[in-house]
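Here is the naming used below: chain letters follow the sequence lines, and residue numbers restart at 1 for every chain. All of these numbers come straight from a predicted model, not from anything done at the bench.
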Amino acid sequence: MFPMLLYDDFRKKIADCTSGGRIELHRSDIEIDTRGFADFVVKTFRHKDQAAIGELVERIRGLEFVERCDHSGDYVNVSIRAESLFSLLDSAISSTGIFPDVFQDPERVVVEHTSANPTGPIHVGRIRNSIIGDSMARIYSRYGYRVSTQYFVNDSGKQVMAMYAGFQRYCAGLPLSVENLLHGYQEIYRHMDALGGEDAVISPLLKRYETPDEALLAEIKNACSVVLKDIRDTMSRLGISIEDYVWESGFLQSEELVEVFESLKPKLKEDGDARYVQMPWGKKEYLVRSDGTRLYLARDLAYHLFKAHHFDVIVDVLGEDHKDYARTIGHVLSDLMEVDRRFEFLIYSFISLEGAKLSTRQGNIITVNDLIERGREEASRIVSGKENSYDSKTRESIAEAVAVSSIRFNVIRVNPQKAIVFRWDEALSTEGDSAPFVMYSFARSTSILDKGTASNLRKRQFDVEEKSLLWNMYLYPESLERSLASKRPDLIAAYVLSLTKAFNDFYSSCQVNVQDDEVRGTRRRIVEMYRTIVKDAADLIGIKMLERM
RNA sequence: GGGUCCGUGGCCUAGUUUGGAUAAGGCACCGUCCUUCUAAGUCGGUGAUCGGGGGUUCAAAUCCCCCCGGGCCCGCCA
């Protein structure tokens, strides 16, 4: 089943004009104009037959939604009638409440994101995973997929063992808190060499763990839960909630693990008592150590098999350090194990600190909670400085929404492939291309609707700013499509900005609440449609729209 | 060393997948607009050899090759 958006696609209809004619053009020859010549441009470089192009122009002119169509240079410029855009959007939103409507797709998608080792609070380096993952899940969902989200909790590796051992050694008797666990974790790595290295400190625990020693399992899971609670609270503040937390320890002896080894049996190679699979690009990937214990890869494959049992599309959001790893699991699952499911990976580059590297272990982090707090203070100051005075409760809720939205926006707006260098002023920026810019326009639209009175819709000439706003609204499906196909949530951010700019132009040029019934009626309707669409799109990237700010 | 991704005005970010008409936003800087619906806004201005070099093409920020700079990976860690 192929996911689809339901709306009247003018672009497709223009493409249809070329079929059966003397020149054939593909949908990709028809572009959205970005230079101000028209709305759509049809590229005709490869067609020198002027008569045939003239014929095409005539056919396009015949379309009821086309206002103007001219052949100029090597392009055919097509302008769409504002009335057509208006009635398309109006009827879609009137009948279904959204634009574009979707065909409910029965395919089940699971997006795994965040999955950070529970060894400390979530920091700005890690949050990109959560922000991208959550937005991507929302985009799949908006597209009509049945979506679930998961966090794979690592409670079985060296890092959490070290945290547990560190807490025992350096915080004995103290309460099991995030601060104490983090302290123990950092201390034990500081003294690792003096204590005899990982072999002496961690390996015995790992061995007991995999036996399995149920009491140890429970204690470590308990410690992880404490840190995880803190991570969950932070994410929840950002409007991110993950449906299922799947514990790695659950796969130590699972059916799926047995299934992995069963399925890989013919492909598994021996190296002493260790076992590995050979990658076609030359690497050996180990699943079993010489001492018989299993590596993370084995448990993660079991986890992916578990996901494959319940979902059709399995999406992992991973940092660029896991790029080769993703290639490995993709190959093992699809080619070696021949699991008939779509495994997809969204790889993003890191957020770094200027000069320094982020590290939980070394204590060199900016926590997301700190970031939100700073943002809240900043926003609170701006709200207080405004003329219309809000009570302190309203002011604080505005500040929180602005802080959270700004942080999410400034992360999501960058192509996941590109690295981000963290800077305080950029992370919390409230001017220009930012979340508050979008939110503020929305708040102004609330005022417009509050102040005037409704009236009947009547057909009339639209101004250029009205047309431009309508056109931008019409383009929403294009952004949704591209964003989903290329797993680029940043494209939604770009769309939200351009829609907001179009609304601001409209706002400054077109008074809405005027005497004239026809003008007032259509303009108020345009504002309502804008609110529906901008809210829809903003929600995909976690911007919290406020009625007032 | 091998692999991989990135390099667009002083700074940040789109545009590269599918080559085409004036390279688009934002920040900063200079100037404009609050007795029309919220100035977190609007309008205008300064500022780009699209990292460098070669190639393909009627046409290259976009495709190919080489080089330079930076991130990440190259564990019987997770």
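For B:U42, one of the phosphate oxygens OP1 or OP2 lies less than 4.0 angstrom from a side-chain nitrogen or oxygen of A:N504. Residue A:R413 has no polar side-chain atom (N or O) positioned under 4.0 Å from OP1 or OP2 of B:G26. Using a 4.0 Å cut-off, some side-chain N or O of A:R488 falls inside it from OP1 or OP2 of B:G15. For A:R444 and B:A39, the shortest distance from a side-chain N or O to OP1 or OP2 is below 4.0 Å. OP1 and OP2 of B:C76 both lie 4.0 Å or more from every side-chain N or O belonging to A:R275.
Side-chain proximity of A:K418 to the nucleotides B:G20, B:G7, B:C76 is greatest for B:G7. Candidate nucleotides B:G15, B:A40, B:C37 were compared by shortest atom distance to the side chain of A:V512, and B:C37 ranks first. In the set B:U42, B:C77, B:C5, B:C5 carries the atom at the smallest distance from any side-chain atom of A:Q417. Proximity note for A:V402 (side chain, C-beta onward) versus B:C72, B:A40, B:A14: the nearest is B:A40.
For the P atom pair drawn from B:U62 and B:G1, the interatomic distance equals 26 Å after rounding to whole Å. Annotation: B:C63 and B:G75 have their C1' atoms spaced 38 Å apart (nearest Å). Across B:G54 and B:C12, the matching P atoms stand 27 Å from one another, rounded to whole Å. The separation of B:U49 from B:A60, taken at their C1' atoms, amounts to 15 Å, rounded to a whole angstrom.
Nucleic acid contact for A:L491: sugar-phosphate only, since backbone atoms but no base atoms lie under 4.0 Å from a heavy atom of the residue.
Of the nucleotides present, none pairs with B:G9 by Watson-Crick or G-U wobble criteria with both distances under 3.5 Å. B:U16: no Watson-Crick or G-U partner with both key distances under 3.5 Å is found in any strand.
Aromatic ring centres of A:Y151 and A:W247 lie farther apart than the 6.0 Å criterion allows.
Although no hydrogens or angles enter the test, the distance criterion places no donor-acceptor pair under 3.5 Å between the side chain of A:H47 and the main chain of A:D49. Remark: the backbone N or O of A:K221 is paired with a side-chain donor or acceptor of A:S225 at under 3.5 angstrom.
Ring-base stacking between A:F45 and B:A59 is not satisfied when judged by a centre separation under 5.5 Å and a plane angle under 30°.
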